Amino acid sequence: ELYVKKAVEYIAMNYSRKITIDEISKYVGLDRSYLYSIFKNTISLSPQEYLIKFRIEKACELMEYSSLSICGISHSVGYEDQLLFSKTFKKVKGFSPSEFQKKIKEKKN
């Protein structure tokens, strides 16, 4: 559990740049496959799945509380490729980033 907590802290501090699971495992001091195992057992997600969900949640916050473009948001949460960000967002949330922004605007009005 301590290792997962340390990995989660690392992700929270570094999600905005291009980080790898290898980097996270080195930071925590564990083998990549062992980190995967304890993540799955502790929070039912792989480190990669957790990183993706974390980034998408941060993107949602940015869409709600900032005026950044979708391109700006994708870069802010660690995606260099806006198309990959949009595909990932849709896979996780079930709708595109622009649809999410529309929903937020409707909700605010």
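What you see is a predicted model, and the numbers here were worked out from it, not measured in a lab.
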Undergrad: Could you give the side-chain donor-acceptor pairs of residues 82-95 under 3.5 Å, partners two or more places apart or in another chain?
TA:
from: Ser86; atom 1: OG; to: Gln82; atom 2: O; distance (Å): 3.2
from: Thr88; atom 1: OG1; to: Leu84; atom 2: O; distance (Å): 2.8
from: Lys93; atom 1: NZ; to: Glu57; atom 2: OE2; distance (Å): 2.8

Undergrad: Can you list the steps and then say if Tyr15 with Ile52 is a side chain to side chain contact (heavy atoms under 4.5 Å, CB included)?
TA: CA-CA 9 Å; Tyr15 72 91; Ile52 290 168; over 6 Å; no
Undergrad: So, Lys6 and Glu9, do they make that salt bridge, N to O below 4.0 Å?
TA: no
Undergrad: Between Ser98 and Gln101, do the side chains contain a donor N or O and an acceptor N or O under 3.5 Å apart?
TA: no
Undergrad: Within the supplied structure, the quantity of interest is the number of heavy atoms (other residues, nucleotides, ligands) at a distance under 6.0 Å from Tyr3 OH; does it exceed 12?
TA: no
Undergrad: Search all heavy atoms of Ile11 against all heavy atoms of Pro47 and return the closest pair with its distance.
TA: CD1-O, 4.5 Å
Undergrad: Quick one: pull up CD1 in Ile43 and NZ in Lys53 and give me the separation to the nearest 0.5 Å.
TA: 9.5 Å
Undergrad: Calculate, to the nearest 0.5 Å, the distance between atoms NE2 and CG belonging to His75 and Asp81 respectively.
TA: 8.5 Å
Undergrad: Between Ser33 and Asp31, do the side chains contain an N or O donor and an N or O acceptor separated by less than 3.5 Å?
TA: yes
Undergrad: Nearest 0.5 Å, what's the CG-OH distance between Asn41 and Tyr36?
TA: 10.0 Å
Undergrad: Hey, could you give me the CZ/OG distance between Arg55 and Ser74, rounded to the nearest 0.5 Å?
TA: 11.0 Å
Undergrad: Of the non-hydrogen atoms in Val77 and Ala59, which two are nearest, and what is the gap between them?
TA: CG1-N, 3.7 Å
Undergrad: I need the Ile21 CD1 to Arg32 CZ distance, nearest 0.5 Å.
TA: 6.0 Å
Undergrad: When you measure from the side chain of Thr42 to the backbone of Phe39, do you find a donor-acceptor pair of N or O atoms at a distance under 3.5 Å?
TA: no
Undergrad: Salt bridge or not for Glu23 and Arg17, using N-O below 4.0 Å?
TA: yes
Undergrad: Set out, in order, the CA-CA distance, both residues' side-chain angles and the distance that settles salt bridge (Lys or Arg N to Asp or Glu O under 4.0 Å) for Lys40 and Glu49, then state yes or no.
TA: CA-CA 10 Å; Lys40 275 295 210 184; Glu49 290 166 333; 3.5 Å; yes
Undergrad: What are the two closest heavy atoms between Cys60 and Ile104, and how far apart are they?
TA: O-CD1, 4.4 Å
Undergrad: Under a 4.5 Å cut-off applied to non-hydrogen side-chain atoms, are Asn14 and Ile24 in contact?
TA: no
Undergrad: Is the side chain of Lys108 donor-acceptor paired with the backbone N or O of Glu64 at a distance under 3.5 Å, no angle test?
TA: yes
Undergrad: Measure the spacing between CG of Leu62 and OG of Ser69 and express it to the nearest 0.5 Å.
TA: 11.0 Å
